[in-house]
Amino acid sequence: MEDEGGSLPGKSDFSAWYNDILWRAEIMDVRYPVKGLYVWYPHGFALRRHVYQRLRDLLDEADHQETLFPLLIPKHEFMKEAEHIKGFEEEVYWVTHGGTSELDVPLALRPTSETAIYPMYALWIRSHADLPLKLYQVVNTFRYETKHTRPLIRLREITSFKEAHTVHATWEDAERQVEEAVALYRTFYERLCVPIIISRRPDWDKFPGADYTIAADAVMPDGRTLQIGTVHHLGDHFSKTFDITYEDASGEQQFAHQTCYGISERSIAAVVSVHGDDRGLVLPPAVAPVQVVIVPIIVGKREDEVLAHAAALETELGAAGYRTKVDTRALRPGAKYYYWEMRGVPLRLEVGPRDIDAGTVMAANRLGDKSAVNRAAIVDEVAAQLEQFRGRLRARAEEDLAHKITLASSMEEIPGAVRAGVAVVNWCGSEDCAGRIEKETGAALLGSDVRSQYVEPDGGPCVACREAGRPALVGRSY
Ligand code: P5A
Ligand code: ZN
């Protein structure tokens with residue numbers, strides 16, 4: 001899109017870097033004239049497509065089926081579940097008119113789809129043989145967010161809301177589903193090379209209408225956490241409200257137990273933020289719209305030969321399933337390198353007359369490793385290069401997160417820990433102590449039962465009251 005000149009701010013100024021990279025790498029255009037709504041550039045949209053394809057693949061492999069429900073929810077359905085309404089009433093956009101006439105039944109733009117989906121589940125589910133039911137959809141949802149809106153992070157139109165809704169016979173079956181979903185999100189973020197911290201949200205922060213909520217957080221470059229996925233055990237709250245019952249093996253009617261779990265384009269914000277550097281995006285091969293870019297090095301008279309060579313490479317790699325592109329534009333190689341680095345392409349191949357003569361191709365990955373590889377075995381070489389790159393990217397991200405997590409055994413240690421990232425503390429579980437932690441350190445109690453490979457907290461006295469505590473996550477969040 002147009003070049004507004006200048007260059008990308010260093011990533012050490014994360015907020016300036018983030019705002020700039022979104023247009024420089026052609027992810028999002030933030031100039032749409034409605035607050036909290038943004039436009040996907042084609043490159044960003046291609047990235048989104050690959051990220052969500054990975055997510056769909058994982059859900060499909062785990063026996064979920066994709067579905068699609070309407071955007072509009074009648075007011076009487078939306079208002080049925082008391083906790084749910086309390087949680088969302090300030091965030092709902094209402095459609096009240098059709099043309100100039102007022103609607104008999106106001107319609108909510110879904111902020112999430114429980115109240116759209118569950119009345120239909122009540123019709124669909126008859127017997128234990130219908131369970132478990134595991135459906136998901138990828139849709140836009142609307143939330144009238146009052147906190148500071150940010151592209152990909154806090155939107156008023158979430159354009160890429162993957163929501164799964166499952167139904168089970170028993171509370172324990174639903175609990176197992178929660179764990180399956182957590183494992184699935186773990187695998188998803190592993191493919192994106194984004195390390196996550198799993199924890200249980202405190203009760204005052206759980207999803208409205210849930211028994212409990214498990215969340216996945218990433219830690220952003222500025223040390224603040226980003227909640228990039230949540231899994232909720234809904235118990236029988238919604239099944240009682242929407243009358244979702246089934247006949248069990250002995251012919252009795254039982255209320256079903258449910259879960260739901262969601263991921264938004266925050267997953268893409270995490271990929272952009274965790275991996276990017278001063279030169280632009282750095283994309284994991286699994287989701288890079290272009291995985292391999294070929295830059296012909298044209299010197300002297302052998303232009304046609306070099307271009308034919310590059311085209312043959314593209315064909316061969318394309319046939320092997322790699323998203324490959326030859327950059328034939330009339331630009332100097334350096335300008336092409338800069339362009340593709342900004343867009344995060346994992347691997348660049350350079351071919352010039354000398355490489356042709358030597359039977360080699362120069363391979364440079366987006367983390368700066370360079371080597372000459374064998375032209376004759378190019379498909380295997382590219383596979384090995386991308387795999388090595390993926391490993392490096394993941395190791396780098398994990399190391400970075402390990403540095404951002406600090407164990408804090410007293411109140412005094414928390415401010416230092418949360419300046420660079422998050423603190424893991426022991427906490428007794430009381431809201432009072434969470435309040436004291438927040439008041440005295442400026443950082444919030446984000447979750448309990450922290451699951452992270454980076455810390456092995458022992459479980460000691462609560463940092464606030466010194467009663468018996470359990471490991472909890474404290475930090476500043478987006
Ligand atoms: C789970 C899916 C739900 O809505 N209902 C269906 C459940 N959960 S949630 O926690 O409220 O949202 C799921 C995830 O969506 C992301 N998210 C957002 N992303 C961008 N902009 C927003 N305004 C926004 N609100 C929530 C979070 O990652 C959240 O965990
Ligand atoms: Zn305490």
Side-chain angles (χ1 to χ4, degrees), residues 58-70 72-89 105 108 110-137 139 161-185 198 200-215 229-262 448-449:
L58 288 170
L59 288 160
D60 295 348
E61 279 163 29
D63 292 326
H64 297 67
Q65 290 176 290
E66 188 165 357
T67 181
L68 187 58
F69 277 74
L72 299 173
I73 304 174
K75 184 170 182 183
H76 51 84
E77 296 293 6
F78 190 79
M79 299 309 262
K80 270 185 186 165
E81 216 286 337
E83 290 295 312
H84 197 65
I85 308 160
K86 259 198 277 155
F88 280 106
E89 62 183 355
V105 179
R110 60 180 164 218
T112 171
S113 302
E114 284 73 11
T115 58
I117 295 177
Y118 300 168
M120 299 307 293
Y121 276 7
L123 301 174
W124 291 351
I125 292 162
R126 288 278 148 264
S127 98
H128 61 94
D130 298 324
L131 304 177
L133 179 65
K134 307 202 295 186
L135 304 186
Y136 72 94
Q137 60 179 4
V139 295
F161 197 65
K162 188 287 297 169
E163 48 178 328
H165 295 270
T166 72
V167 190
H168 307 268
T170 66
W171 197 92
E172 290 72 23
D173 287 347
E175 186 179 37
R176 275 188 285 278
Q177 188 60 37
V178 165
E179 289 307 313
E180 179 187 303
V182 170
L184 195 145
Y185 284 0
I198 306 285
R200 183 179 166 134
R201 287 284 177 260
D203 273 350
W204 59 87
D205 218 15
K206 67 186 183 189
F207 184 66
D211 269 1
Y212 66 87
T213 291
I214 307 287
T230 35
V231 183
H232 314 292
H233 194 311
L234 301 178
D236 57 9
H237 302 183
F238 286 92
S239 68
K240 285 188 167 153
T241 305
F242 291 97
D243 201 27
I244 305 174
T245 60
Y246 69 95
E247 190 179 291
D248 69 14
S250 54
E252 304 253 350
Q253 288 297 314
Q254 304 283 358
F255 283 110
H257 291 79
Q258 295 179 270
T259 81
C260 66
Y261 31 104
S448 60
D449 300 323

Check [X] against [Y] and note the closest heavy-atom contact, atom names and distance.
X	Y	result
Q177	Y261	NE2-OH, 2.9 Å
S113	Q137	OG-NE2, 3.1 Å
A210	H232	CB-CB, 4.0 Å
F88	P111	CD2-CB, 3.9 Å
K75	V105	N-CG1, 3.9 Å
A174	T259	O-CG2, 3.3 Å

Other residues, nucleotides and ligands only: do more than 12 of their heavy atoms fall within 6.0 Å of CD on Q65?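 No, not enclosed.
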
Could you go through L68 and V139, starting from their C-alpha distance and side-chain angles, then the distance that decides it, and tell me whether this counts as side-chain contact (heavy atoms from CB on, under 4.5 Å)? CA-CA 8 Å; L68 187 58; V139 295; 3.5 Å; yes

How far apart are the C-alpha atoms of E81 and Y118, what are their side-chain angles, what is the distance that settles it, and do they pass the side-chain contact (heavy atoms from CB on, under 4.5 Å) test? CA-CA 11 Å; E81 216 286 337; Y118 300 168; over 6 Å; no

Tell me, please, which residues at least two apart from [X] pass side-chain contact (heavy atoms from CB on, under 4.5 Å).
X	result
A183	none
D173	H168, A169, T170, R176
K80	E77, T241, F242
D205	R201, P202

Measure the spacing between [atom1] of [X] and [atom2] of [Y] and express it to the nearest 0.5 Å.
X	Y	atom1	atom2	result
Q254	L131	CD	CG	11.0 Å
Y246	D130	OH	CG	11.5 Å
I73	T115	CD1	OG1	3.5 Å
Q258	I125	CD	CD1	7.0 Å

[X] (side chain) donor-acceptor with [Y] (main chain) under 3.5 angstrom:
X	Y	answer
R110	P70	yes
T213	F207	yes
H237	G209	yes
H64	A62	yes

Between Y212 and H233 (judged by ring centroids, cut-off 6.0 Å), do the two rings come close enough to count as a pair?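 Between Y212 and H233, the centre distance is under 6.0 Å.
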
Please confirm whether the ring centroid of H165 lies under 6.0 Å from the ring centroid of Y121.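 So the answer is no for these two rings.
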
When you compare the side chain of H84 with that of T112, does any pair of heavy atoms fall below 4.5 Å?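 Answer yes - side chains close enough.
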
List the residues meeting side chain to side chain donor-acceptor pair (under 3.5 Å) with [X], not counting sequence neighbours, and say none if there are none.
X	value
W171	D211
E247	none
Q253	T245
Y136	D60, E66

Is it true that K240 and D236 have a side-chain N and a carboxylate O under 4.0 angstrom from each other?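 Salt bridge between K240 and D236, a charged N being under 4.0 Å from a carboxylate O: yes.
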
Mind checking what makes salt bridge (Lys or Arg N to Asp or Glu O under 4.0 Å) contact with [X], not counting sequence neighbours?
X	result
E83	K86
E163	none
D248	none

Going by ring pair (Phe, Tyr, Trp, His ring centres under 6.0 Å), name the residues that satisfy it together with F69, two or more places apart in sequence or in a different chain.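 So F69 forms a ring pair (Phe, Tyr, Trp, His ring centres under 6.0 Å) with W124.
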
